[in-house]
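For this chain, numbers begin at 1 and follow the sequence in order.
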Amino acid sequence: MAGYQNREELILEISNRGKLFIEEFNDIDEKDKDKLIDGVDRTPAQMIAYQLGWMNLILNWESQEQLGFVVTTPTQHYKWNNLSGLYESFYKQFEGYTLKELCTMFIKAEQQIIELINNYTDIELFQQG
């Protein structure tokens with residue numbers, strides 16, 4: 001994992017990567033959102049759903065931890081040896097949305113992650129242990 005000097009550097013990296021990721025979907029027609037192409041293991045909609053699923057898990061883990069709950073990762077229903085089932089749950093959760101809606105949800109989740117990061121000090125974010 002890359003090392004970051006401070007929160008601004010981390011946030012800039014998240015923003016830049018998020019922008020690059022979501023721009024990949026600008027030229028995809030809505031009718032092709034569920035289409036697999038050769039050499040790619042997910043459809044465009046699945047790619048975004050995958051990212052949304054993980055971002056929502058991170059936000060949920062942090063929320064639950066702040067409330068004093070013990071967090072089970074990745075979830076209570078899926079263990080680390082069943083990630084394919086977890087991914088399928090992400091795809092199912094977001095299957096009824098248009099590409100535009102998925103992109104909007106991605107941008108919103110990215111902003112929530114950035115807000116979360118801004119709630120912590122650099123020491124809390126980067127100190128080991």
Visitor: Using side-chain hydrogen bond (donor to acceptor under 3.5 Å, both in side chains), reason through Tyr91 and Arg42 one step at a time and then give a plain yes or no.
Guide: CA-CA 10 Å; Tyr91 307 151; Arg42 292 183 179 102; 2.6 Å; yes
Visitor: Treating Ile, Leu, Val, Met, Phe, Trp and Tyr as nodes and any side-chain heavy-atom pair under 4.5 angstrom as an edge, say whether Leu12 and Ile14 lie in one connected cluster.
Guide: no
Visitor: Is Ile123 atom CD1 crowded by more than 12 heavy atoms from other residues, nucleotides or ligands, each under 6.0 Å away?
Guide: no
Visitor: Working to the nearest 0.5 Å, report the span between CG of Asp122 and CG of Leu10.
Guide: 9.5 Å
Visitor: Which heavy atom in Pro74 sits nearest to a heavy atom in Leu83, and how many Å separate them?
Guide: CG-CD2, 4.2 Å
Visitor: Is the count of non-hydrogen atoms from other residues, nucleotides or ligands lying under 6.0 Å from Glu24 atom CD greater than 12?
Guide: no
Visitor: Is it the case that over 12 heavy atoms from other parts of the model lie below 6.0 angstrom from the NZ atom of Lys79?
Guide: yes
Visitor: Apply salt bridge (Lys or Arg N to Asp or Glu O under 4.0 Å) to Arg17 and Glu13, showing your working.
Guide: CA-CA 6 Å; Arg17 298 283 178 153; Glu13 184 71 11; 2.7 Å; yes
Visitor: Tyr120 ring centre to Arg7 NZ or CZ under 6.0 Å, with the angle to the axis within 45°?
Guide: no
Visitor: Quick check on Asp27: does its CG atom have over 12 non-hydrogen neighbours (other residues, nucleotides or ligands) under 6.0 Å away?
Guide: no
Visitor: Roughly how far, to the nearest 0.5 Å, is OH of Tyr78 from OG1 of Thr72?
Guide: 15.0 Å
Visitor: Quick check: does any side chain N or O of Glu30 sit under 3.5 Å from a backbone N or O of Leu99, one acting as donor and the other as acceptor?
Guide: yes
Visitor: Taking a hydrophobic cluster as the set of Ile, Leu, Val, Met, Phe, Trp and Tyr residues connected by side-chain heavy atoms closer than 4.5 Å, whether directly or through intermediates, do Leu36 and Phe94 fall within one such cluster?
Guide: no
Visitor: Test side chain to side chain contact (heavy atoms under 4.5 Å, CB included) on Asn60 and Asn56 and set out the steps.
Guide: CA-CA 6 Å; Asn60 185 53; Asn56 288 336; over 6 Å; no
Visitor: Could you check whether atom OH of Tyr97 has more than 12 heavy atoms from other residues, nucleotides or ligands sitting under 6.0 Å from it?
Guide: no
Visitor: To check you understand the geometry: which heavy-atom pair defines the closest contact between Lys33 and Pro44, and what is its length?
Guide: O-CD, 3.3 Å
Visitor: Looking at Thr98, is its backbone amide N or carbonyl O close enough to the side chain of Glu101 to form a donor-acceptor pair, meaning the two atoms are under 3.5 Å apart?
Guide: yes
Visitor: Donor-acceptor check, side chain of Asp29 to backbone of Asp32, threshold 3.5 angstrom: yes or no?
Guide: no
Visitor: Can you measure from CG (Leu20) to OG (Ser15) and round to the nearest 0.5 angstrom?
Guide: 11.0 Å
Visitor: Got a second to check how far Gln51's CD is from Phe90's CZ, nearest 0.5 Å?
Guide: 9.5 Å
Visitor: Rounded at 0.5 Å granularity, tell me how far NZ in Lys100 sits from CG in Asn26.
Guide: 11.0 Å
Visitor: State, with a plain yes or no, whether a side-chain heavy atom of Thr43 is found less than 4.5 Å away from one of Ile37.
Guide: no
Visitor: Would you find a donor on one side and an acceptor on the other, under 3.5 Å apart, between the side chain of Trp80 and the backbone of Thr73?
Guide: yes
Visitor: Between Phe25 and Phe106, does the ring centre distance come in under 6.0 Å?
Guide: no
Visitor: With a 4.5 Å heavy-atom cut-off, do Val40 and Met47 have their side chains touching?
Guide: yes
Visitor: Within the supplied structure, the quantity of interest is the number of heavy atoms (other residues, nucleotides, ligands) at a distance under 6.0 Å from Glu124 CD; does it exceed 12?
Guide: yes
Visitor: Quick check for you: to the nearest 0.5 Å, what is the distance between Cys103 atom SG and Glu23 atom CD?
Guide: 10.5 Å
Visitor: List the steps and the verdict of side chain to side chain contact (heavy atoms under 4.5 Å, CB included) for Trp54 and Tyr87.
Guide: CA-CA 9 Å; Trp54 279 112; Tyr87 303 158; 3.5 Å; yes
Visitor: Test side chain to side chain contact (heavy atoms under 4.5 Å, CB included) on Leu52 and Gln93 and set out the steps.
Guide: CA-CA 10 Å; Leu52 282 169; Gln93 178 182 357; over 6 Å; no
Visitor: May I ask you to decide if Leu59's main-chain N or O and Ser63's side chain share a donor-acceptor pair within less than 3.5 Å?
Guide: no
Visitor: Look only at the side chain of Ser89 and the backbone of Leu86, and say whether a donor-acceptor pair between them is shorter than 3.5 Å.
Guide: yes
